[in-house]
Amino acid sequence: MTPPTDAPAALDDAALDRRIAFHPDIQVMEVDFSGLHFEDSATVNRVYDRLEARIGDTGEDLWFFLVNLNGTRIDPAAWIAYSRRGRALNYAHSMGSVRFDASDETRRQIERAADTEAFDPNLCLTREAALERLAGFPSTRRKRVIRPPSHSDEEIARRISFDPGRRIMEADFSDFTFHHGRDVDHVYDHIEARIRETERKWFFLVNLNGCRILPAAWVRYAHRGKRLNEAASLGSARYAAGSETEQDIRLRAESQGFRPNIRNTRAEALDLIEEMRAELLQG
């Protein structure tokens, strides 16, 4: 893999793509973080958003991860996001990860995290040694399976409602789990069809209390949500009381160009919608 020549701060898609390579014959995704400075969580999210998108483009869910950490810097302000996004990516898409050429500082940082977060850092000195270690891991790829939806049409229909007077479409995802991309498409296909019938745009009110978006669903959830908002939303307000999903949405909002607009209660979210309505009228 040819080392990237772009400056570490250049994080557009083309620059990031130079740092990502797929080797289908050995089922390896190679990621070059050499010289990259993760200075904040927004940088982390930008990088991991692109990794997720590139994996999605391959059509294969599972890869071995080979990661070059030579000269990588992870600032304290970025570490929580780096750990969280890395763990989610590994959980959803990795058959095994090996890192190599870690600087002393990065090695110590990752080994400390491994001690507290119970994962094997799998650090090697060279790329060749890392590839040799990966070669000893078993592949867990299976024949592609078309997943059945986890929720019935009737349940989804009950969770979507419209208030024409206030022009609000309400999605109740409370205690709802998106297990994988098939679940995401099932829900969003239903919402899009219902909105098309109205022939108008709506304010979106989304209940995320107890909602779980599993790692295998996140890429599709982000894509479908962005597409729906661009096509049919006058503004979106979400509410959840301190959930894991809330934290993930706030992280991803930093790099995906949207305001998370999350409040603790439904009443607060409705107040936010009225603020957005007033802004539209003024505009």
Side-chain angles (χ1 to χ4, degrees), residues 40-42 44-46 49 77 80-81 84-85 151-178 181 183-214 217-283:
D40 51 31
S41 58
V44 171
N45 288 317
R46 179 72 187 92
D49 288 349
I80 291 177
R84 188 181 186 90
R85 291 298 300 269
H151 309 279
S152 68
D153 292 337
E154 292 75 19
E155 180 186 1
I156 294 171
R158 287 195 302 269
R159 290 175 175 272
I160 309 302
S161 61
F162 292 83
D163 180 346
R166 292 187 293 179
R167 203 161 176 172
I168 292 174
M169 187 278 291
E170 187 162 1
D172 179 6
F173 293 155
S174 62
D175 300 315
F176 187 91
T177 299
F178 292 93
D183 285 347
V184 174
D185 286 336
H186 190 197
V187 170
Y188 276 85
D189 286 350
H190 177 90
I191 294 174
E192 288 180 358
R194 296 272 299 274
I195 288 177
R196 277 196 300 271
E197 292 174 358
T198 71
E199 298 183 338
R200 66 193 306 195
K201 291 188 174 184
W202 299 81
F203 292 101
F204 293 170
L205 176 65
V206 186
N207 181 355
L208 292 173
N209 279 308
C211 177
R212 297 173 67 223
I213 305 169
L214 300 188
W218 257 115
V219 172
R220 198 64 184 158
Y221 184 88
H223 172 73
R224 292 299 299 266
K226 181 178 180 180
R227 189 175 81 180
L228 182 65
N229 274 277
E230 289 175 346
S233 174
L234 296 170
S236 297
R238 307 164 182 89
Y239 62 99
S243 68
E244 289 288 305
T245 298
E246 175 192 356
Q247 296 174 45
D248 284 331
I249 287 175
R250 289 189 185 279
L251 274 176
R252 289 165 183 268
E254 292 182 333
S255 57
Q256 295 178 13
F258 70 91
R259 291 187 298 176
N261 286 345
I262 297 178
R263 299 295 186 263
N264 287 323
T265 68
R266 184 174 185 274
E268 291 172 350
L270 283 169
D271 287 343
L272 178 59
I273 285 178
E274 292 312 311
E275 291 173 13
M276 290 188 284
R277 193 193 309 277
E279 290 176 6
L280 284 177
L281 290 174
Q282 290 174 359

Do you know the tightest heavy-atom contact between His151 and His186?
O-CE1, 2.9 Å
So do Met169 and Ile191 actually touch side chain to side chain, heavy atoms under 4.5 Å?
yes
Between the main-chain N or O of Val187 and the side-chain N or O of Arg224, is there a donor-acceptor pair closer than 3.5 Å?
no
Between Leu270 and Arg166, does the side-chain contact (heavy atoms from CB on, under 4.5 Å) criterion hold? Intermediate values first, please.
CA-CA 10 Å; Leu270 283 169; Arg166 292 187 293 179; 4.0 Å; yes
Residues two or more places apart in sequence or in another chain: which of them pass salt bridge (charged side-chain N to carboxylate O under 4.0 Å, His left out) with Arg220?
Asp185
Using the six-membered ring wherever Trp is involved, compare the ring planes of Tyr188 and Phe178 and label them parallel, tilted or perpendicular (cut-offs 30° and 60°).
tilted
Who passes side chain to side chain contact (heavy atoms under 4.5 Å, CB included) against Thr177, sequence neighbours left out?
His179, Arg212, Leu214
Contacts of Glu268 that satisfy salt bridge (charged side-chain N to carboxylate O under 4.0 Å, His left out) - sequence neighbours left out
none
Shortest non-hydrogen contact from Ala269 to Leu205?
CB-CD1, 3.5 Å
Mind checking salt bridge (charged side-chain N to carboxylate O under 4.0 Å, His left out) for Arg196 and listing every partner two or more places apart, or none if nothing turns up?
none
I would like to know whether Phe204 and Ile195 meet side-chain contact (heavy atoms from CB on, under 4.5 Å); could you show each step before the answer?
CA-CA 11 Å; Phe204 293 170; Ile195 288 177; 3.9 Å; yes
Side chain Trp218, main chain Ile213, donor-acceptor under 3.5 Å
yes
Would you name the heavy atoms of Trp202 and Ile168 that are closest together and state the gap between them?
CE3-N, 3.4 Å
How far does OG of Ser41 sit from CZ of Arg85, to the nearest 0.5 angstrom?
10.5 Å
Could you tell me whether Arg159 and Glu155 make a salt bridge, using a distance below 4.0 angstrom between a side-chain N and a carboxylate O?
yes
Is there a side-chain contact between Asn261 and Met276 in this structure, where contact means two heavy atoms from C-beta onward sitting under 4.5 Å apart?
yes
Smallest heavy-atom separation, Asn209 atom then Ala240 atom, equals OD1-CA, 3.4 Å
Salt bridge (charged side-chain N to carboxylate O under 4.0 Å, His left out) with Glu275: which residues, sequence neighbours excluded?
none
Holding to side chain to side chain donor-acceptor pair (under 3.5 Å), I want the full list of residues that pass it with Ser174, two or more places apart in sequence or in another chain.
Asp172
Any donor and acceptor pair, going by atom type alone, linking the side chain of Arg194 with main-chain N or O of Ile160 inside 3.5 Å?
yes
Rounded at 0.5 Å granularity, tell me how far CZ in Arg263 sits from CG in Leu272.
4.5 Å
Hey, is the main chain of Tyr239 close enough, under 3.5 Å, to the side chain of Arg266 for a donor-acceptor pair?
no
